[in-house]
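Okay, structure first, notes after.
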Amino acid sequence: MSTNNRAGGMKDILEELQERRARARMGGGEKRREAQHAKGKLAARERLELLLDEGSFEEYDMFVEHRCVDFGMADKRIPGDGVVTGCGAINGRPVYVFAKDFSVFGGSLSETHAQKIVKIQEAAIRNGAPLIGLFDAGGARIQEGVASLAGYADIFLQNVLASGVVPQLSVIMGPCAGGDVYSPAMTDFIFMVKDTSYMYVTGPDVVKTVTNEIVDHEGLGGASVHTKKSGVADGAFENDFEALIQMRRLIDFLPLSNRERPPVWPSYDDPDRIDESLDKLVPENPNTPYDMKELIARVADEGDVFEVAPDYGANIVTSFIRLEGSTVGVVANQPMTLAGVLDIDASRKAARFVRFCDAFNIPLLTFVDVPGFLPGTRQEYGGLIKHGAKLLFAYAEATVPKVTVITRKAYGGAYDVMSSKHIRGDVNYAWPTAQIAVMGPKGAAEIIFRQDADDPEKMAEHVKEYEDRFANPFVAAQRGYLDDVIQPHSTRRRVIRSLRTLRNKQQSNPWKKHDNIPL
Ligand code: HXC
């Protein structure tokens with residue numbers, strides 16, 4: 001009799017658990033989920049299913065409810081409280097995740113909602129695994145007032161503590177406004193979904209009241225604004241599915257934490273592979289552009305390249321590739337855009353990328369073809385000096401292996417900045433087409449031989465003279481500023497060999513609390 005009773009009781013308890021779980025998984029209910037789908041967006045748990053390996057998601061805190069009793073909230077409780085949190089795996093490697101659930105109070109942030117996020121932020125730091133946040137929310141839970149603001153600050157603090165310890169990634173998949181923007185802003189990479197996501201500190205209504213400007217969500221903070229104009233986001237994708245698949249791809253390049261090296265995946269690409277087409281990549285006319293991305297793809301294992309922020313500061317390319325299966329961060333001037341010049345946007349973008357790689361033990365490969373810094377009042381008024389210094393600073397402080405290949409121009413201060421020998425480049429190569437000089441031969445001749453400015457014949461001779469003297473890699477090679485002048489076709493082989501020898505590189509900077517990079 002008593003056994004039967006226990007069996008019945010146990011069954012009820014198990015059923016109740018199932019029911020509670022089912023209720024939590026419903027989030028804000030079928031109608032709100034349909035509304036989400038109608039906007040072209042997936043629901044929070046559907047997104048996590050796509051992001052994580054099948055069946056790997058371990059959800060935490062699904063029974064958490066808010067504690068607010070104001071404004072009729074006492075009888076409006078939905079388990080989970082607007083955010084789905086937990087851990088899972090991406091290609092077998094652990095990650096912590098949270099996904100805002102717009103169907104529950106618009107995904108808005110309450111005190112308990114914040115506590116759920118902080119719990120997994122702390123776990124990610126302690127256990128050394130990346131943290132990925134999926135954003136789709138209406139900001140602070142208006143009914144909760146200052147408790148919500150406190151919750152945001154608790155999350156921000158953890159973002160800062162986690163910075164440089166574990167990779168932090170954000171995907172913006174709906175509204176992301178007010179308090180919600182600063183957490184992603186402090187993460188390493190931000191992806192956005194085209195047309196359905198937007199990010200701003202204050203929305204169009206406030207903008208109109210304060211500044212009289214009329215602008216819509218998309219024009220103020222859509223994916224195109226942030227991936228092309230502001231540089232806040234690093235990638236814009238067609239829909240939820242594509243954004244999440246690309247996030248899986250990015251994670252595959254990254255180490256789990258700063259305590260690890262990047263992962264090594266199987267590679268079938270011969271490390272000694274020669275590419276004859278590279279011998280013809282640089283055009284004869286030094287002012288004719290060519291596509292630096294072709295060089296990156298031809299050097300990479302299997303031609304697999306993950307480019308970061310392709311549409312912002314396109315005059316510099318920042319991408320992840322693999323060599324012998326292991327991640328390498330590539331920074332490369334792009335002659336196809338603004339002749340590959342360094343300007344404010346390019347300097348900021350590349351500096352941040354270099355620092356990310358250095359923080360996470362990812363070696364740096366730099367391809368140089370740079371005519372210098374961009375002249376002009378717009379650049380100077382915008383603080384080019386400070387922004388250019390960021391890139392210089394980032395390269396100089398970096399202690400990861402640094403391999404540099406100058407393909408063509410390396411002029412002026414930009415030569416120094418682009419991972420030169422002088423700022424601790426480990427192995428510095430040049431192609432025979434390299435020209436390393438204070439400036440281009442024409443500009444140089446016009447200054448040194450100003451007295452012959454009106455005599456085109458003499459000037460042509462002077463230009464030739466300067467070209468013969470400096471427009472080659474050998475003056476730098478004679479001084480040991482280059483370790484070798486290499487055949488373009490052997491670039492992959494030479495870079496791989498260098499990185500092999502640098503695998504156990506040890507270098508440290510003088511003790512300091514932290515540096516004071518010119519922000
Ligand atoms: C509580 C919220 C909410 C919020 C949305 N909801 N935002 N509940 N607090 N902040 C609720 C709505 O009441 C609604 O509930 C449901 O979520 C869906 O919202 P809709 O407005 O119907 O959706 P939509 O038309 O798609 O518009 C989305 C939106 C809009 C643009 C995000 O909801 C909005 O403007 N929300 C307020 C945004 C805001 O001002 N947040 C505060 C920012 S200040 P029902 O029950 O009807 O489904 C801030 C300061 C923090 O964040 C600073 C910290 C540093």
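No hydrogens, no waters, no symmetry mates; every other heavy atom, side chains included, goes into these values. Bear in mind that the values here come from a model prediction, so they are computed numbers and not experimental data.
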Could you state the interatomic distance from OG1 (Thr187) to CG (Leu131), rounded to the nearest 0.5 Å?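 Going from OG1 on Thr187 over to CG on Leu131, the span is 9.0 Å.
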Which value, rounded to the nearest 0.5 Å, describes the distance between Ser257 atom OG and Ile125 atom CD1?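 One finds 11.5 Å between OG of Ser257 and CD1 of Ile125.
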For the student: nearest non-hydrogen atoms of [X] and [Y], plus distance:
{"X": "Val193", "Y": "Ala243", "value": "CG2-CB, 3.9 Å"}
{"X": "Val97", "Y": "Leu51", "value": "CG1-CD2, 3.9 Å"}
{"X": "Pro262", "Y": "Asn361", "value": "CD-O, 3.4 Å"}

Does a salt bridge link [X] with [Y], judged by any charged N lying under 4.0 Å from a carboxylate O?
{"X": "Lys442", "Y": "Glu446", "answer": "yes"}
{"X": "Glu397", "Y": "Lys512", "answer": "no"}
{"X": "Arg492", "Y": "Asp275", "answer": "no"}
{"X": "Asp301", "Y": "Arg322", "answer": "no"}
{"X": "Arg494", "Y": "Asp483", "answer": "no"}
{"X": "Lys464", "Y": "Asp468", "answer": "yes"}

[X] side-chain N/O to [Y] backbone N/O, donor-acceptor pair under 3.5 Å:
{"X": "Arg355", "Y": "Ala394", "result": "no"}
{"X": "Arg348", "Y": "Gly231", "result": "no"}
{"X": "Asn472", "Y": "Phe474", "result": "yes"}
{"X": "Lys458", "Y": "Gln451", "result": "no"}
{"X": "Asn315", "Y": "Val341", "result": "yes"}
{"X": "Asp269", "Y": "Glu302", "result": "yes"}
{"X": "Arg273", "Y": "Arg298", "result": "yes"}
{"X": "Arg261", "Y": "Arg503", "result": "yes"}
{"X": "Asp426", "Y": "Lys402", "result": "yes"}

What do the steps show when you test Thr399 against Arg424 for side chain to side chain contact (heavy atoms under 4.5 Å, CB included), and what is the final call? CA-CA 8 Å; Thr399 56; Arg424 303 193 293 184; 4.0 Å; yes
Is the distance between the ring centroids of Phe449 and Tyr466 less than 6.0 Å?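 No, the ring of Phe449 stays outside the 6.0 Å limit from the ring of Tyr466, centre to centre.
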Does the separation of the ring centres of Phe373 and His387 fall below 6.0 angstrom?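 Between His387 and Phe373, which both carry aromatic rings, the centre distance is not below 6.0 Å.
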For a side chain to side chain contact (heavy atoms under 4.5 Å, CB included) check, start with the C-alpha distance between Phe135 and Val181, then their side-chain angles and the critical distance, and finish with the verdict. CA-CA 9 Å; Phe135 289 81; Val181 298; over 6 Å; no
Donor + acceptor pair across side chains of [X], [Y] (<3.5 Å):
{"X": "Asp369", "Y": "Gln334", "result": "no"}
{"X": "Gln121", "Y": "Tyr96", "result": "no"}
{"X": "Thr227", "Y": "Asp311", "result": "no"}

If we only count heavy atoms from C-beta on, is the [X] to [Y] side-chain gap below 4.5 Å?
{"X": "Tyr198", "Y": "Val225", "answer": "no"}
{"X": "Leu52", "Y": "Val95", "answer": "yes"}
{"X": "Ile385", "Y": "Glu380", "answer": "yes"}

May I ask you to decide if the ring planes of His217 and Tyr200 are parallel, tilted or perpendicular, using 30° and 60° as cut-offs?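 Correct class here is parallel.
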Checking side-chain hydrogen bond (donor to acceptor under 3.5 Å, both in side chains) for the pair Tyr312/Asp345: CA distance, chi angles, key distance, verdict? CA-CA 7 Å; Tyr312 179 79; Asp345 293 354; 3.0 Å; yes
CA sep, side-chain torsions, deciding dist, call: Leu254, Leu250, side chain to side chain contact (heavy atoms under 4.5 Å, CB included): CA-CA 7 Å; Leu254 309 182; Leu250 174 58; 4.2 Å; yes
